[in-house]
Structure formats: structure tokens, C-alpha cells
J.: 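Questions regarding the structure given below will be posed in turn.
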Amino acid sequence: MSKRIISMMLTVLCALSIMALPMKVTKAESASKVTEETVIKRIYLLNSLIGGKYFTVSGKPCGGDCQSKKVYACGNCNMGNVIASKWFKQTVGHVPASTSSGFRHYYNNRALVRGWTCCGFANYAGWFIFSQKASDVVIFEPLKNYNNAPFNSQTMKAAKPGDILRFGKSQTGKGTHSAIFISADNSGVTYLDCNGSSKDPYKVAIKTIKYASSYYSANYKYVGISRATNYDLLHTHTAGNMWLHDEAQHWHACTGENCNEKLDVAAHTWNDGVITIRPTATQTGIKTFTCTFCDRTKTESIPVTILYGDVNLDGKVNGADIILLSRYLARWNLSFSSNQLHAMDVNADGSINGADIILFARYLAKWNVTLGPQ
């Protein structure tokens, strides 16, 4: 048998043995729906994790032509390399199992895939915002009629938080800058990006730019808007049965997955209340009120109740009390609390004197008199 034939047989056997080995494959999955409320939370979560940091492998700005000639495209700022770096995995944690699917947005119907600096960051950030598992595949598609629309307040009314914006000087080409949209008003746009500043490129930050700015009106004349296909814009809120509440309000929670919308929010409606602890001459009482909708409770303190004539504060009016009153008027060397002095003023005229002891005596003798305001 020739050496050539033997070599071919060994090659085939080797290939068969490799094919027989079990291979661990992470199956790509379509990402589940994500609501706008969740999108906003994830945008700010990502900013809290890497805002102010450089979206680079080294965690530092790129050197050489990448920065000096504003190329902004090298191995240090390549998206795939950055999210695979040790510091990024330790800081963010949530990274994709593969970048072979998704990771693209559009300008003038041209796809910007994976990429470097702002483009790469926007593609990763879009995945982070709209994914839940490492195996999730997030697809962004260009928004119809907004592939390269004029960058102004009217156009930005179509954008939703989490959309990827691609700006350009003209309506042709690939555009010049990418960012994650957060909000807009009549004066400008707020977004999350990296490499949005020539003074400190590669750094992740939330920025607000103005339509009227001479720089942005010249360099960001047009914008393309791309949106994740798993954006839950049609979510209908459905109220749960249980009332939830805090100190001021009650509400029903939406039963939708990942939705924290509060429905039927209203201030508490309190009942007339029930005395749960009655006040005494020495202890304040407590009155408890309950919301007629959600069973939330609140309490109010009931002031100490002073019983006219109850000088010793034992809850009774009898001879022991008039003896103390007599000793007070006789200036015995005794100390009395303010509540006791209040109880001594049995005719409630604001002073303690002989008129009080006369009224007190008649009361104990069961004359037709009452203690307190006359």
C-alpha cells in the first residue's frame, strides 16, 4: 500500500473521530419582549456600570493613528474585543454568547455591523438593553421613513428610548456617529454614546445636544432611527386584583411580564377610625384609621384625658383627691404634675382656690353639680 493512500486513510479517520466528539453549542434564541419602562431602566443601568469609562480593551484611549488622525477603528476599540475583555466582563457581566447574529443598525438602509467606538458601542448597548440571556439574538431594523431624515424636533418625535440613532452630514453614505436615544424635546436630544466628544473620545456618557448648535446642525444634519424588533410597544396594561400601597397612595400592579406600571393610582380614603388604645390621665391613646380600598392603616395619637377632680390620677374621683386639693391649698410641701394641677381646677376657671374645694365637696356630697367647665 502506497504512503499516499495510507496518509489519505489517516486523514479520513482523524476527521471522523473529530466529528464523533461531543460539541457544546449555545443555541441562539430570539429575545423576549421588552417594555419601554424596562428599556429606560436598562439604559441607566448600563450607564451606571460603565458611564465615564472608556469603551476599549485596555480601558484607556487608543493611541497612534486611531486617535491622532481620528480613525477611531482599531483592535483596542473594536466591539467584539472590548466586550470579550476581562475588565468589561467583570464590570458589566451581561455579554452575548455570540456576535454572529444581530449587532447592527442602519443609515440610508446600509447596515453598520458590530463595528468600533460609537458604532460598536451602540450595537452592544442595543443588545444589552433588549436581551435577557447571553444566548438572546436582538435584531434592529430601520424605522420606515426615518432612514436618513432631517435631524430636528419633528423627526425625533418618532424615536423611542433604546432606539439606535445614526447621524450623518448628508443623506448618503454610512453616517458619522451612533448613539442610544433616551429622550427629546423641542430644543434637543439626550442620548447614551461613546466617542461623542473629540476632547475625550472612546468614553461612555449620557449627553444632551441642541438642534441649534452650530456643530451639530452642520455635522448631524440627518438621522437614521433603528428599532429592536422585540420592543413591546403594543403592550396593554392589565391590572392585578391585589391593591398595593405606600404611605400616601394605593394602586394595582400591571400583570404584564417585566412591567412595573402602576394602575388606578389614588390617594387613600380613610374611614372614621377606631380607638384601639383609650387615653388615660397618664397615657396617650391611639386611634387607628383604615383605607376603605386597600386596608392600609394609619394611627393618630389621642391626648391624655384629664378627669376633673382626679387629683391622684387613678381614674377615680373620691375623698383621696379632695384631701390632696386641700393640702395644695394649705401649701403643704408637696409637688404636683401639670396634669394633677389641671385636675384640681374643678370649676375650670383657670385658677385653683377655695371655689374649687367648695364645688368639689358639694360634688362628693352628691349635690346636683358637675365638675369641669361651668
J.: Check whether any side-chain N or O of Q132 sits under 3.5 Å from a backbone N or O of F130 as a donor-acceptor pair, and report yes or no.
T.: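 Side chain of Q132 to backbone of F130, a donor-acceptor pair under 3.5 Å: no, none is there.
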J.: Kindly determine whether L307 and L371 satisfy side-chain contact (heavy atoms from CB on, under 4.5 Å), including the steps that lead there.
T.: CA-CA 9 Å; L307 179 61; L371 303 182; over 6 Å; no
J.: Considering non-hydrogen atoms only, spot the tightest contact between K203 and G52 and give its length.
T.: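 Between these two residues, the closest heavy atoms are CE-O, 3.5 Å.
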J.: Looking only at heavy atoms, which two atoms of D136 and W127 are closest? And how far apart?
T.: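 Closest approach of D136 to W127, heavy atoms only: O-NE1, 2.9 Å.
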J.: Can you name the nearest heavy-atom pair linking S178 to R166, along with the distance?
T.: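 Nearest heavy atoms, S178 then R166: OG-NH1, 2.7 Å.
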J.: Would you say I306 ends up clustered with Y308 if hydrophobic residues are merged whenever their side chains have heavy atoms under 4.5 Å apart, either directly or through other cluster members?
T.: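 Shared cluster, no.
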J.: Measure from the ring center of F140 to the ring center of Y106 and say whether it is less than 6.0 Å.
T.: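 Between Y106 and F140, which both carry aromatic rings, the centre distance is not below 6.0 Å.
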J.: Would you say the ring centroid of H245 lies under 6.0 angstrom from that of W251?
T.: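 Here the rings of W251 and H245 have centres that are no less than 6.0 Å from each other.
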J.: Using the rule ring pair (Phe, Tyr, Trp, His ring centres under 6.0 Å), only one of Y191, F88, F55 pairs with F121; which is it?
T.: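 So the option named by the test is F55.
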J.: Tell me whether N148 contacts the main-chain N or O of Q171 through its side chain, where contact means a donor paired with an acceptor under 3.5 Å.
T.: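 Looks like yes, one N/O pair under 3.5 Å.
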J.: What do the steps show when you test D232 against V34 for side-chain contact (heavy atoms from CB on, under 4.5 Å), and what is the final call?
T.: CA-CA 5 Å; D232 189 3; V34 180; 5.7 Å; no
J.: Around atom NZ of K169, are there more than 12 heavy atoms of other residues, nucleotides or ligands at under 6.0 Å?
T.: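 Result for NZ/K169: open.
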J.: Report the residue from N271, I277, I275, T276 that forms a side-chain contact (heavy atoms from CB on, under 4.5 Å) with T288.
T.: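 By the side-chain contact (heavy atoms from CB on, under 4.5 Å) criterion, T288 pairs with just one of N271, I277, I275, T276: T276.
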J.: Might you point out which heavy atoms bring I180 and G162 nearest each other, and give the distance in Å?
T.: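 What the structure gives for the nearest pair is CG2-CA, 3.9 Å.
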J.: Look at atom NZ of K133 and say whether more than 12 heavy atoms of other residues, nucleotides or ligands are closer to it than 6.0 Å.
T.: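 Yes.
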J.: In sequence, state the C-alpha distance, the side-chain angles, and the governing distance for N147 and N108, and then conclude on side-chain contact (heavy atoms from CB on, under 4.5 Å).
T.: CA-CA 5 Å; N147 294 324; N108 190 32; 5.7 Å; no
J.: For the side chain of R110 and the backbone of T172, is there at least one donor-acceptor N/O pair under 3.5 Å apart?
T.: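 Checking the backbone N and O of T172 against the side chain of R110, no donor-acceptor pair under 3.5 Å is found.
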J.: Hey, do the aromatic rings of Y202 and Y72 have their centres closer than 6.0 Å?
T.: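 That pair passes the under 6.0 Å test.
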J.: Using side-chain contact (heavy atoms from CB on, under 4.5 Å), reason through D345 and L341 one step at a time and then give a plain yes or no.
T.: CA-CA 7 Å; D345 183 17; L341 295 174; over 6 Å; no
J.: With no hydrogens and no angle check, just 3.5 Å: does a side-chain donor-acceptor pair link T190 and T208?
T.: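 Yes, side-chain donor-acceptor contact under 3.5 Å.
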J.: Hydrophobic clusters here meaning ILVMFWY residues chained together by side-chain heavy-atom distances under 4.5 Å, can you tell me if W243 and F289 are in one?
T.: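 No, no single cluster joins them.
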J.: Measure from the side-chain N and O atoms of N76 to the backbone N and O of V57, and report whether any donor-acceptor pair falls under 3.5 Å.
T.: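 The answer is yes, because a donor-acceptor pair under 3.5 Å joins these two groups.
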J.: Only one of D193, N195, N219 passes side-chain hydrogen bond (donor to acceptor under 3.5 Å, both in side chains) with H177; say which it is.
T.: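 Among the candidates, only D193 passes.
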J.: With heavy-atom distances below 4.5 Å as the criterion, would you say the side chains of T269 and F293 are in contact?
T.: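 A side-chain contact under 4.5 Å exists here.
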J.: Do F128 and L112 belong together in a cluster built from hydrophobic side chains that touch within less than 4.5 Å?
T.: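 F128 and L112: separate clusters.
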J.: For D272, look at atom CG and say whether over 12 heavy atoms of other residues, nucleotides or ligands are found less than 6.0 Å away.
T.: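 Result for CG/D272: open.
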J.: Cut-off 3.5 Å, side chains only: do N339 and S337 have a donor facing an acceptor?
T.: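 Looking only at side-chain atoms, S337 and N339 do not form any donor-acceptor pair under 3.5 Å.
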J.: For the side chain of H250 and the backbone of L244, is there at least one donor-acceptor N/O pair under 3.5 Å apart?
T.: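 It does not hold such a pair.
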J.: Counting only heavy atoms not in W116, do more than 12 sit closer than 6.0 Å to its CH2 atom?
T.: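 No.
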J.: Do we get K60 above Y54's six-membered ring, with its NZ or CZ under 6.0 Å from the centre and within 45° of the axis?
T.: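 Relative to the ring axis of Y54, which defines the angle, K60 lies outside at least one limit.
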J.: So for atom NZ, which belongs to K53, do other residues, nucleotides or ligands contribute more than 12 heavy atoms lying within a distance under 6.0 Å?
T.: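 Yes - once you tally the heavy atoms of other residues, nucleotides and ligands closer than 6.0 Å, there are more than 12.
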J.: For the residue pair C118 and T176, what are the closest heavy atoms and their distance?
T.: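 Closest heavy-atom pair between C118 and T176: SG-O, 4.4 Å.
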J.: Looking only at atom types and distance, does a side-chain atom of W332 sit under 3.5 Å from a main-chain N or O of S326, one as donor and one as acceptor?
T.: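 No, W332 side chain to S326 backbone: no donor-acceptor pair under 3.5 Å.
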J.: Side-chain heavy atoms nearer than 4.5 Å, only ILVMFWY residues, links allowed to pass through others: does that put F103 and V113 together?
T.: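 Per the 4.5 Å side-chain linkage, F103 and V113 are not co-clustered.
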J.: Looking only at the aromatic ring of each residue, does the gap between the centers of Y216 and F167 stay below 6.0 angstrom?
T.: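 No, the ring of F167 stays outside the 6.0 Å limit from the ring of Y216, centre to centre.
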J.: Main chain of V317, side chain of D310: is a donor-acceptor contact present, judged purely on distance under 3.5 Å?
T.: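 The answer is no, because no donor-acceptor pair under 3.5 Å joins these two groups.
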J.: Does F181 offer a backbone N or O that forms a donor-acceptor pair with the side chain of D163 under 3.5 Å?
T.: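 Checking the backbone N and O of F181 against the side chain of D163, no donor-acceptor pair under 3.5 Å is found.
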J.: Provide the closest heavy-atom pair for A239 versus H252 in the form atom of the first, atom of the second, distance.
T.: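 A239 and H252 have their closest heavy atoms at CB-CB, 3.7 Å.
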J.: With a 3.5 Å distance limit and no angle check, can you tell me whether S187 reaches the backbone of K210 through a side-chain donor-acceptor pair?
T.: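 No, because the side chain of S187 does not come within donor-acceptor range (under 3.5 Å) of the backbone of K210.
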J.: Donor-acceptor check, side chain of T155 to backbone of F151, threshold 3.5 angstrom: yes or no?
T.: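 No.
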J.: Can you give the donor-acceptor pairs under 3.5 Å from side chains of residues 354-364 to other protein atoms, not counting sequence neighbours?
T.:
| residue | atom | partner | partner atom | Å |
| --- | --- | --- | --- | --- |
| D356 | OD1 | V346 | N | 3.2 |
| D356 | OD1 | N347 | N | 3.2 |
| D356 | OD2 | N353 | N | 2.9 |

J.: For R227, which of K160, H105, K144 qualifies under side-chain contact (heavy atoms from CB on, under 4.5 Å)?
T.: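 Only match with R227 under side-chain contact (heavy atoms from CB on, under 4.5 Å): K160.
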